Every structure is written in C-alpha cells, then in structure tokens.
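These notes are about the structure you will find just below.
Since the structure is predicted, the reported quantities are computational estimates derived from the model, not experimental observations. FYI, the numbering just counts along the sequence from 1. In listed order, ligands and their atoms are each counted from 1.
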Amino acid sequence: MKPNIILYKALPADDLLAKLEKHFTVTRVEGLSPQTVRQYSDAFAQAEGLIGSAGTVDSLLLDKMPKLRACSTLSAGYNTFDVDALTRRGIPLMHTPDALTETVADTLMLLALTTARRALEVAERVKKGEWTGSIGSDWFGIDVHHKTMGIIGMGRIGMALAQRAHFGFSMPILYNARHPHPEAEARYNARYCKLDELLAEADFVCLILPLTDQTRHMIGTPQLAQMKPTAILINGARGPVLDEQALISALKAGKIRAAGLDVFEHEPLPVDSPLLSLPNVVALPHIGSATAQTRYNMAATGIENLINALNGKPDKNCVIPHVNR
Ligand SMILES: NC(=O)C1=CN([C@@H]2O[C@H](COP(=O)(O)OP(=O)(O)OC[C@H]3O[C@@H](n4cnc5c(N)ncnc54)[C@H](OP(=O)(O)O)[C@@H]3O)[C@@H](O)[C@H]2O)C=CC1
Ligand SMILES: O=CC(=O)O
C-alpha cells in the first residue's frame with residue numbers, strides 16, 4: 001500500500017503531481033491552517049509525509065499527526081518548522097536549497113540595481129507622461145559597480161551574490177557570518193568583518209541568512225544608525241531579521257538612502273504599510289526564487305526528498321543532521 005501524504009501547496013506542473021501520486025496517496029489541502037487541519041483531520045491523522053511550503057509546523061500540528069515520518073518543504077528556509085519537536089520524534093525535515101541559489105542571488109542583484117538606479121520610480125514617471133524633455137539630476141541614481149557590497153550570511157546564496165558582485169560589478173565584498181569562509185576570500189577577495197564594521201563601510205548591506213532566535217531583529221535602530229546615509233539595505237532573508245518599524249523611521253529620517261525588500265514581517269505586506277508610500281523603497285512579493293524553472297526544480301527536488309526520506313534515505317537535503325541517517 002502506498003503511504004498517505006498531505007500536499008499543502010499547489011505544484012507548478014501536472015507531471016509533478018503525477019509523480020507524487022505514483023508514490024503516495026495524496027490528500028491536497030489549501031495551506032496549513034487550523035481550518036484545513038480540522039477539515040482534513042482524518043487525513044492528517046493518517047499521513048506519513050507532509051510536503052508544501054509557507055505553513056507553520058509546530059508541536060500542536062505534530063500532535064495531530066501521530067504517523068508522520070518525514071516533512072519536505074519546498075523552500076530553502078525552514079524557520080516555520082519546530083525543528084526541536086521534529087528531532088525529538090526522529091522525523092527528518094528535507095528542504096530544497098541548491099535548486100534556488102542562483103535565482104535568489106539574481107533577485108538580490110535586481111534589488112541592488114533597482115534601488116540604486118531608482119528604476120521603478122523613474123519608470124513610473126515615464127508612465128505618468130512626466131518624461132517631456134532631457135531628464136534633470138532629480139532623476140539620477142547612484143552607481144552599483146565598484147561600490148562596496150556587504151553580505152550578511154555567506155552561505156550558498158551569499159556566495160552566489162558575491163560571485164555576481166565581484167565578477168560582474170567589480171565590487172569589493174565585505175561579509176559577516178558565524179564563521180569565516182576562506183573560499184569566499186579566495187574566490188571573491190571577500191573580507192570577513194564584524195557586523196559593526198560591515199554596517200559602517202558597506203554601500204549595500206544585504207541580508208541573506210536564516211531567521212533564528214539569534215537573527216530576529218538583528219538589524220534595528222542601532223544597526224541602521226551605523227550605516228552610511230548613502231547606503232542601501234537589501235533584505236532577501238526573512239522579514240523579522242529586520243525591525244521593520246526601525247527601518248521605516250530610518251528611511252523617513254534619511255538615515256539611509258533606500259531599501260530593497262523581498263520579505264516582510266507580515267506577508268502579504270498589508271496595503272496600508274508605510275513602506276509602500278516611501279519612494280525609496282522597492283517592495284517585492286517574496287519572489288526570490290519565483291521563476292518558472294526554479295519553482296519547477298524546487299518542487300521536483302522536494303518530491304524526490306520526500307520519496308527518499310520515506311524510504312529511509314534522507315541522505316541529501318536533510319536539515320536535521322542527526323536524523324540524517
Ligand atoms: N527571499 C527568498 O525567496 C529566499 C530567501 N531565503 C532565505 O535565505 C536564507 C539563506 O539561504 P542559504 O544561503 O541557502 O543558507 P545557508 O545555510 O547556505 O547560509 C546561511 C548563512 O547565514 C549565516 N548565519 C546563520 N546565522 C547567522 C548569524 N547569527 N549571524 C551571521 N550569520 C549567520 C551562516 O553562517 P555560517 O556560514 O558561518 O554558518 C551562513 O553563512 C534562508 O535561510 C532563507 O531564510 C532563501 C531562499 C529564497
Ligand atoms: O523564501 C524562500 C525559501 O526558499 O526559503
């Protein structure tokens with residue numbers, strides 16, 4: 001008999017669903033919420049696998065899933081999972097980091113370019129018919145090339161960003177992480193910095209690290225005050241890594257030049273967020289990995305991950321090392 005699983009996110013192609021259904025008896029639910037868990041309570045009680053993204057998997061949910069043997073998230077980040085509770089139950093949690101690294105690094109460069117060159121702002125002026133002659137200096141942006149890129153989180157995506165910034169834009173690279181990364185230093189001439197030093201020196205401060213107890217609000221009023229008034233902040237990590245209220249105040253007071261944001265403390269970003277009325281903010285709807293090819297690859301990887309994990313082989317892409325047997 002095929003194992004029962006819950007799929008809580010629509011897959012981007014029919015062949016992916018067909019593959020999942022070849023291996024498992026699939027119950028599709030529209031997201032993980034108290035309502036869907038109640039509505040499909042029997043399916044949750046019977047499920048041995050859970051696959052999807054953007055839902056909270058905590059001990060409350062795990063208690064309702066006594067047969068659960070593996071979780072597969074269609075994402076690199078896994079901050080919505082209670083990893084300790086999964087570890088206690090010996091349930092492997094699988095993720096899809098390698099499928100999206102390059103695409104997310106592209107998105108970070110996109111945010112750097114769009115904010116620096118004020119691309120959205122001036123394109124809006126063109127649409128409004130304001131381009132009636134030679135543009136004045138009030139339409140000018142700043143250069144990206146040869147400016148200093150500060151990367152907070154020199155993991156897979158941080159490295160891919162450093163590659164773009166170093167080779168593509170001749171940018172000196174500063175970085176902060178928990179440990180020095182000799183590979184980044186050798187390949188991209190990156191310099192390891194304490195956070196304070198990076199904030200004070202970088203022209204672009206780019207957040208690309210996980211949301212954890214240690215990183216929640218790691219950038220707040222004191223850190224924003226350390227940045228140059230000409231610097232641009234980019235957040236591609238998770239919204240709560242940045243204190244959004246502090247950012248709004250800093251932008252309003254001209255403490256930093258601009259912000260490029262792909263992630264927010266509350267998603268979707270409420271339409272009345274003050275961020276949306278600031279001309280020097282570029283707000284994207286969490287599209288870091290959102291190309292058709294990458295989303296396909298992520299879903300394909302997530303399916304493989306679940307098949308492997310439920311076959312007792314969570315060798316690759318398991319985020320809980322000692323469950324990775
Ligand atoms: N916007 C989007 O759509 C996407 C966002 N993301 C986010 O990006 C994050 C990073 O992804 P990825 O590069 O694959 O992850 P990795 O695990 O490869 O890298 C994470 C990096 O963050 C560093 N780090 C962790 N904790 C701290 C800390 N307290 N202080 C400083 N640095 C820290 C790590 O340091 P060290 O190397 O020293 O251990 C590592 O360099 C994900 O966790 C996710 O939240 C990911 C994909 C898409
Ligand atoms: O934010 C997206 C992810 O894959 O993590």
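- Within 6.0 Å of NZ in Lys2 there are more than 12 heavy atoms belonging to other residues, nucleotides or ligands.
- Applying the ring pair (Phe, Tyr, Trp, His ring centres under 6.0 Å) test to every pair with at least one member in residues 37-69, sequence neighbours left out, gives no pairs at all.
- Regarding atom 33 (C) of ligand 1, its nearest protein heavy-atom neighbour is Leu209 CD1, 3.7 Å.
- Ligand 1 places these atoms under 4.0 Å from at least one heavy atom of Gly236: 1 (N), 2 (C), 4 (C), 5 (C), 6 (N), 7 (C).
- Scanning both residues, Arg117 and Ile142, for their nearest heavy atoms gives CD-O, 3.3 Å.
- Some N or O of Gly155 is nearer than 3.5 Å to an N or O of ligand 1, by distance alone.
- Scanning all heavy atoms of the two residues, the minimum distance from Ser72 to Asn305 falls at OG-CB, 3.9 Å.
- Screening residues 183-198 for salt bridge (Lys or Arg N to Asp or Glu O under 4.0 Å), with sequence neighbours left out, gives Glu183-Arg187, Arg191-Glu197, Arg191-Glu201.
- Thr291 and Gln293 share no donor-acceptor pair across their side chains, judged by distance under 3.5 Å alone.
- Among the atoms of Arg156, some N or O lies under 3.5 angstrom from an N or O of ligand 1.
- Applying the 6.0 Å contact sphere to NZ of Lys228 captures more than 12 heavy atoms from other residues, nucleotides or ligands.
- Proximity of Thr101 to ligand 1, defined as any heavy-atom pair under 4.0 Å, is not found for any part of the residue.
- The OG atom of Ser75 sits 9.0 Å away from the NZ atom of Lys9 when rounded to the nearest 0.5 Å.
- Environment of CZ in Arg164: crowded, with over 12 heavy atoms of neighbouring residues, nucleotides or ligands closer than 6.0 Å.
- Remark: among candidates His286, Met154, Met298, the nearest residue to atom 2 (C) of ligand 1 is His286, based on non-hydrogen atoms.
- One distance of note links CG of Leu108 with CG of Leu113; it measures 11.0 Å at 0.5 Å rounding.
- If you check each of Val263, Ile208, Asn176, Thr294 against atom 31 (C) of ligand 1, the one with the closest non-hydrogen atom is Asn176.
- Of the listed residues (Asp262, Ile287, Leu108), the one carrying the non-hydrogen atom nearest atom 1 (N) of ligand 1 is Asp262.
- Using modelled atom types and a 3.5 Å distance limit, the side chains of His217 and Gln223 yield no donor-acceptor pair.
- The nearest heavy-atom contact from the protein to atom 32 (N) of ligand 1 is Ala177 CA, 3.4 Å.
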Tabulate below the donor-acceptor pairs under 3.5 Å that side-chain atoms of residues 267-281 make, not counting sequence neighbours, or state none.
unit_1 : atom_1 : unit_2 : atom_2 : d
Glu267 : OE1    : His286 : ND1    : 2.7
Glu267 : OE2    : Phe264 : N      : 2.8
Glu267 : OE2    : His286 : ND1    : 3.4
Ser273 : OG     : Leu275 : N      : 3.1
Ser277 : OG     : Pro274 : O      : 2.9
Asn280 : ND2    : Arg257 : O      : 2.9

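- Protein residues with a heavy atom under 4.0 Å from ligand 2 are Ser75, Ala76, Gly77, Leu100, Arg238, His286.
- Near His179, with a cut-off below 4.0 Å to any heavy atom, the atoms of ligand 1 are 36 (P), 38 (O), 39 (O).
- Of all protein heavy atoms, the one closest to atom 44 (C) of ligand 1 is Arg238 NH1, 3.6 Å.
- The protein non-hydrogen atom at the shortest distance from atom 37 (O) of ligand 1 is His181 NE2, 2.6 Å.
- Looking at ligand 1, you won't find any N or O of Thr215 less than 3.5 Å from one of its N or O atoms.
- At a 4.0 Å heavy-atom cut-off, ligand 1 touches Ile157 through backbone and side chain alike.
- Residue contacts with ligand 1: Val104 is placed with no nitrogen or oxygen under 3.5 Å of a nitrogen or oxygen of the ligand (distance criterion only).
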